[in-house]
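Within every chain, numbering begins at 1; the chains are lettered A, B, ... in the order of the sequence lines, protein sequences first and strands thereafter.
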Amino acid sequence: MPPLLALVDCNNFYASCERVFNPKLEGKPVIVLSNNDGCVVARSNEAKALGIAMGVPEFHIRDLIYRHKVQVFSSNYALYGDMSQRVMQTLEQFSPAVEVYSIDEAFLSLSGLPQRNPTAYGHTIRKTVKQWTGIPVSVGIAESKTLAKVANYLAKRSPHAAGVFDLSAETNPQRILSQIPVEKVWGVGPGTTRLLKAHGIETAWDLREADEHWIRKHLGIVGLRTVQELRARSCLPLEQCPPPKQGIMVSRSFGHPVESLAEMQEAVATYTSRAAEKLREVHLAATVLMVFLETNPFTDEPQYNNVSTIELPVATDTSHELIRHALQGIKTIYRAGYRYKKAGVKLAGLVPVSHIQADLFDSQDRGRAKRLMQALDRINDRMGAGTLQYAAAGLNPRWKAKFARRSQAYTTNWKHLPQVQ
DNA sequence: TCTGGGGTCCTAGGACCC
DNA sequence: TCTGGGGTCCTAGGACCC
């Protein structure tokens, strides 16, 4: 018996989150912007109908926003993260094996469940999530992850589906898959699409029927897996426990171009401090720190990008130690005379804190640093992020990203609880 | 004026070794 | 005239995803 999987995907997730706490937005076009209020990252159906594309810069569509009274929000990750958790907890009710694939999607194993009608089960899932969280979802059901993605695509678009589509029940897969453009298949990006179309492979069905040797040669084993999955042979297993993290990254575009080393160092100190917090949340320590800076590629100003990679003498999760290395690194790659747009920090070579290999010549008092970090995290957790911060991060920075239209932290901050009138 | 952030995985090619 | 070959490890960069 092949496995049976459901992909549950939240519809227009960020826009839907905004709606849950602001019902006046119902029926209106809503968009959510990326960090720094840059690009569109979520659109309600009404906004999609206006032709607002994913990823388009906000300033390109300002006219459209004004004319159609589009409701615009800065992204509010505290809210979306919390809503995501509620949705995922609800989904746990419906399957013993759930893989949380992203902030707004999860794969559920439906194999071996007592119910005989997957479509009806899908509708129950949909209804329950909507009732418990306010978030609308679509459910795609099939024998592999890639086909479940296809089924989900159909669940959203097919008028008869009403949000649930079971591809495994289809008697004529050719009829269905021939309607799916190949670029909509999971794992087929712009580069692969170009290649496939040049060889007459236009639809998901064409890809499914493609020659294996040709696929292996031109698309590698990743492409071959996609083809197998389209043939209902599952190659991508359900991952119930997330694999250990490979790296932790914090990077931001600046609200204003940064030119001085002093400002750049403030930004880098801030990002490193946040990265160190993330590191401690998952009980890992870093052995490698990378810091990078970039100018704005959309301008015709002189361009300069660079990365500095630092091998840390001892694995660490201590903020001030990481900040010290990051400041050192940024100083070596900073060049005066450029207008920088973005900088970031990546922590890599991650090891569990319990496995830290002490260096014979390590001069730090590790126990003291650990107690200090615990106190810091506790205070920031209880009193709000940023209550305590490092002096190196600066006070009142000009470079901070913009979030001019952020909604309130309805679910994670008592001061922002929605009012009932 | 204004163009996101955080990830994963694979592959090609160089360095090195015997 | 002759100037190997094959394995392994590492890294940079590409492709893709949400």
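A:Val56 comes within 4.0 angstrom of nothing in the nucleic acid, heavy atoms only. Across all strands, A:Lys346 comes closer than 4.0 Å to no nucleic acid atom at all (heavy-atom distances). Counting any heavy atom pair closer than 4.0 Å across all strands shown, A:Val185 reaches sugar-phosphate atoms only and no base atom. At the heavy-atom level, A:Pro297 lies nowhere under 4.0 Å from the strands shown. Within the nucleic acid shown, A:Asp37 has no heavy atom closer than 4.0 Å to any nucleic acid atom. Nucleic acid contact class of A:Glu58 (heavy atoms, under 4.0 Å, all strands): none. Contact annotation for A:Arg62: base contact, defined as any heavy-atom pair under 4.0 Å involving a base atom. A:Asn35 comes within contact range of the sugar-phosphate backbone alone, with a heavy-atom separation under 4.0 Å but no base atom that close. Across all strands shown, A:Leu33 has no heavy atoms under 4.0 Å from either base or sugar-phosphate atoms. Contacts of A:Ile248 with the nucleic acid, taken as non-hydrogen atoms under 4.0 Å apart, involve only primed sugar atoms and P, OP1 or OP2. Here A:Gly55 lies out of heavy-atom contact (under 4.0 Å) with every strand.
Donor-acceptor pairing under 3.5 Å is lacking for the side chains of A:Arg225 and A:Thr146. Inspection of the A:Glu18 and A:Ser407 side chains reveals an N or O donor paired with an N or O acceptor under 3.5 Å. A:Tyr304 and A:Asn306 share a side-chain donor-acceptor pair at under 3.5 Å.
One can place CD of A:Glu294 at 13 Å from C1' of B:dG6, the figure rounded to the nearest angstrom. Separating the CZ atom of A:Phe13 from the P atom of C:dC17 is a distance of 21 Å, rounded to the nearest angstrom. Taking atom NZ of A:Lys184 as the reference point, atom P of C:dC18 lies 11 Å away to the nearest angstrom. Rounding to whole angstrom units, CG of residue A:Leu224 and P of B:dC9 are separated by 18 Å. The interatomic distance linking A:Leu350 (CG) with B:dT8 (C1') rounds to 14 Å, in whole Å. A straight line from CG of A:Leu236 to C1' of C:dC17 spans 13 Å, rounded to a whole angstrom. Between A:Arg252 atom CZ and B:dG6 atom P the separation is 5 Å, expressed in whole Å. Going from atom OH of A:Tyr80 over to atom C1' of B:dG5 covers 14 Å, rounded to whole Å.
Each of A:Arg216 and A:Pro57 was assigned the nucleotide of DNA chain B with the nearest heavy atom; the assignment lying further toward the 5' end belongs to A:Pro57. In terms of position on DNA chain B, the residue among A:Lys245 and A:Val41 whose nearest nucleotide sits closer to the 5' end is A:Val41.
In this entry B:dG5 has C:dC18 as its Watson-Crick or G-U wobble partner, both defining distances falling under 3.5 Å. C:dC10 is paired with B:dG13 under the Watson-Crick or G-U wobble criterion, all donor-acceptor distances under 3.5 Å.
Contact between the side-chain N/O atoms of A:Ser251 and the OP1/OP2 oxygens of B:dG6 is found at a separation under 4.0 Å. Taking only side-chain nitrogens and oxygens, A:Lys149 comes nearer than 4.0 Å to OP1 or OP2 of C:dC18. Contact between the side-chain N/O atoms of A:Ser253 and the OP1/OP2 oxygens of B:dG5 is found at a separation under 4.0 Å. The phosphate of B:dG5 has OP1 or OP2 within less than 4.0 Å of a side-chain N or O from A:Lys342. Listed pair A:Thr192 / C:dC16 meets the phosphate criterion, a side-chain N or O lying under 4.0 Å from OP1 or OP2. Contact annotation: A:Arg225 does not reach the phosphate of B:dC9 (side-chain N/O to OP1 or OP2, under 4.0 Å).
Checking side-chain atoms of A:Lys145 against main-chain N and O of A:Pro237 turns up a donor-acceptor pair under 3.5 Å. The backbone N or O of A:Ser138 lies less than 3.5 Å from a partner atom in the side chain of A:Asn152, making a donor-acceptor pair.
Taking atom P in both C:dC18 and B:dT3, one finds a spacing of 25 Å when rounded to whole Å.
Side-chain proximity of A:Val250 to the nucleotides B:dG6, B:dT8, B:dT3 is greatest for B:dG6. Listed candidates were B:dT8, B:dG4, B:dC10. Nearest to the side chain of A:Cys39 is B:dG4.
If you look at A:Tyr340 and A:Tyr334, their ring centroids are closer than 6.0 Å. Within the 6.0 Å centre-distance limit, the rings of A:Trp186 and A:Tyr101 are counted as a close aromatic pair.
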